[in-house]
Amino acid sequence: MLLEEMRQKVVDYGNQLISSGLTIGTAGNISMYDPETGYMVISPSGIPYAKTTAEDVVVMDLQGNIVDSNRTPSSEHSLHAAFYLEKPDARAVVHAHSMYCTTLACAGVDLKATHYAIADTGVATVPTVPYETYGTPELADEVRKCLRESDSKALLMANHGMVAYGDSLEKAFAIANTCEWCAQVQWRAMAISTPNVLSDEQMAEVIEHYKTYGQAKEDGKQSQGYFG
């Protein structure tokens, strides 16, 4: 089976989407990108995560052509491809309809530095992509525009949800978790008062500190933040 290990990893992390509470039902999707072949593997459309097998995960090129699978790919495959086309370091994308990120996205509120852990995204403010119908080229185009304008490793999508990318699936998933936790903190702070948002200067210092946080990994990359 083509890219079997990556396809199994998408299955495993799809189940984690459910167990972590980042999504429910069949909402959300996960992909990984293999630079050697130029293919991405992406979760199938409409199959419950607990019932998805590695064979169900679809192998595609970045132009939307199916390379290997009898299944229909996630309707958001063009959204995922947008990250791999725009961000050379992207190796995995996690899209979820997590409750608090989606709440902010539906309210038109950017995810801000109410807590410094947002530094996992590499920016002080996670921007919101303007609304377009899910699964359309128009949404993918808006995402690409936003990626060109921001260094953020995550985006909110208006009236839709959130999406994060990383140089590994572990990192993309961790950043998605960070965003959801920070969104919940922001929402709770908004419920009782006006959040005390950290300045760009304060966040720049945190982001610099994150470069040496934790233990160096075997691949030479530093663990970034509490969630990654």
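In what follows, every heavy atom counts, from backbone to side chain, and hydrogens, waters and symmetry copies are set aside. Here the structure is a predicted model, which means the values were calculated and not measured.
Between Ile18 and Thr23, the closest side-chain pair of non-hydrogen atoms falls below 4.5 Å. Between Ser168 and Arg91, every side-chain heavy-atom pair lies at or beyond the 4.5 Å cut-off. Contact of the Leu155 side chain with the Leu147 side chain is registered, since non-hydrogen atoms from C-beta on lie closer than 4.5 Å. Proximity of Val163 to Val143: side-chain heavy atoms (C-beta onward) are nowhere separated by under 4.5 Å.
Tyr39 pairs by the ring-ring contact (aromatic ring centres under 6.0 Å, His included) definition with nothing, not counting sequence neighbours. Every residue two or more places apart in sequence or in another chain was checked for a side-chain hydrogen bond (donor to acceptor under 3.5 Å, both in side chains) with Glu36, and none qualifies. For Asp151, there are no salt bridge (charged side-chain N to carboxylate O under 4.0 Å, His left out) partners at least two apart in sequence or on another chain. In this structure, Asp141 has no side-chain hydrogen bond (donor to acceptor under 3.5 Å, both in side chains) partners at least two apart in sequence or on a different chain. The side-chain hydrogen bond (donor to acceptor under 3.5 Å, both in side chains) search around Asn196 returns none, not counting sequence neighbours. With sequence neighbours left out, the salt bridge (charged side-chain N to carboxylate O under 4.0 Å, His left out) criterion links Arg144 to Glu86.
A ring pair (Phe, Tyr, Trp, His ring centres under 6.0 Å) check over residues 59-85, counting only residues at least two apart or in different chains, returns the pairs Tyr33-Tyr84, Phe83-Tyr165. Annotation: salt bridge (charged side-chain N to carboxylate O under 4.0 Å, His left out) contacts involving residues 2-13, sequence neighbours excluded, comprise Arg7-Asp68, Lys9-Glu170. Applying the side-chain hydrogen bond (donor to acceptor under 3.5 Å, both in side chains) test to residues at least two apart or on different chains, the pairs with a partner in residues 46-64 are Thr53-Glu55, Thr53-Asp56, Asp56-Arg71, Asp61-Asn65. Pairs engaging residues 139-163 under the ring pair (Phe, Tyr, Trp, His ring centres under 6.0 Å) rule: His95-His160, His97-His160 [sequence neighbours left out].
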Side chains of residues 100-112: which donor-acceptor pairs under 3.5 Å do they make with residues two or more places apart or in other chains?
| from | atom 1 | to | atom 2 | distance (Å) |
| --- | --- | --- | --- | --- |
| Thr102 | OG1 | Ser98 | O | 2.6 |
| Thr103 | OG1 | Met99 | O | 2.7 |
| Asp110 | OD1 | Thr128 | N | 3.3 |
| Asp110 | OD1 | Thr128 | OG1 | 2.7 |

Pair up each side-chain donor or acceptor in residues 133-140 with any protein partner under 3.5 Å, not counting sequence neighbours, and list the distances.
| from | atom 1 | to | atom 2 | distance (Å) |
| --- | --- | --- | --- | --- |
| Thr136 | OG1 | Thr133 | O | 2.6 |
| Thr136 | OG1 | Leu139 | N | 3.3 |

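Residue-environment remark: CD1 (Ile24) stays at or below the threshold of 12 foreign heavy atoms within 6.0 Å.
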